[in-house]
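Order of appearance sets the numbers: ligands from 1, and atoms from 1 within every ligand. Remember, predicted model here, so these are calculated numbers, not experimental data.
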Amino acid sequence: MSHVHVSSHPLVKHKLTKLRDKETNPKKFRELIREIAILLAYEATLDLKLEPAVVTTPMGKAAGSHLQEKIGLVPILRSGLGMVEGIWEMMPSAEVWHIGLYRDEDTLQPVEYYNKLPVIPTVQVCLVLDPMLATGGSAVATVDILKHWGANRIKFVGILAAPEGVEALTTAHPDIPIHLATVDERLNDVGYIVPGLGDAGDRQFGTG
Ligand code: URA
């Protein structure tokens, strides 16, 4: 589990507790998803490559750095959408590529319904965004798609995971770092994380 990073940041823990609360309304829920995503993305991007740059200040020249790599944010529809905006504000030159997968409720397997990735990869680092790493099926399928596309470096940024999801993703893609706010107890028999927070899509979009 060496590639699994569970945040120990107090702000993440505080916001996660509010996020789980069944009394948290969709507006507040979206704010919390956005804020936790920023904090986790901060931790997930600590190793981004830099190139030296010189900047002219009003007082003279200063040595600085620019990001060397183009970043792609890859939200898994639809729950991953809420993680995009905040991270995008931190890295406005990132590209956003949506992957649409739904979970077949009988087989619990992911079914792809949206993918508009261009033929040639346009980014060097992909952050796959999905708040819930449950069975791991969607995450594994998305990383499969991105590797097939030719993405060089891929990281998964989620919020809550079940041990089963972590196991599935690390088994299928042991090279992929996984950044999370927590790993919960288990999955229930319909593939929900326990204690989790319920349905992250419904709670963001008010459709529950
Ligand atoms: N997706 C969710 O929204 N919640 C879960 O607990 C598992 C998958």
Is D202 salt-bridged to R78, going by a charged N under 4.0 Å from an acidic O?
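So D202 pairs with R78 through a salt bridge.
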
Are K15 and E31 close enough for a salt bridge, meaning some N to O gap below 4.0 Å?
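Not counted as a salt bridge, because no side-chain N and carboxylate O are separated by less than 4.0 Å.
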
Would you check whether [X] has a nitrogen or oxygen atom less than 3.5 angstrom from a nitrogen or oxygen atom of ligand 1?
{"X": "G191", "value": "no"}
{"X": "A134", "value": "no"}
{"X": "A200", "value": "yes"}

Tell me, please: is P131 in heavy-atom contact with ligand 1, that is, under 4.0 Å?
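No.
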
Of H3, K147, R153, which is the lone residue that meets side-chain hydrogen bond (donor to acceptor under 3.5 Å, both in side chains) with D175?
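By the side-chain hydrogen bond (donor to acceptor under 3.5 Å, both in side chains) criterion, D175 pairs with just one of H3, K147, R153: K147.
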
Can you confirm whether K18 is buried at NZ, in the sense that more than 12 heavy atoms of other residues, nucleotides or ligands lie under 6.0 Å from that atom?
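Incorrect, the count does not exceed 12.
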
Is it the case that over 12 heavy atoms from other parts of the model lie below 6.0 angstrom from the CZ atom of F205?
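Above 12, so yes.
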
By number and element, which atoms of ligand 1 are closer than 4.0 Å to a non-hydrogen atom of I193?
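Under 4.0 Å from I193, ligand 1 has these atoms: 5 (C), 6 (O), 7 (C).
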
Can you sort out which atoms of ligand 1 are near G198, meaning under 4.0 Å from one of its heavy atoms?
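Counting from 1, the qualifying ligand atoms are 2 (C), 3 (O), 4 (N), 5 (C), 6 (O).
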
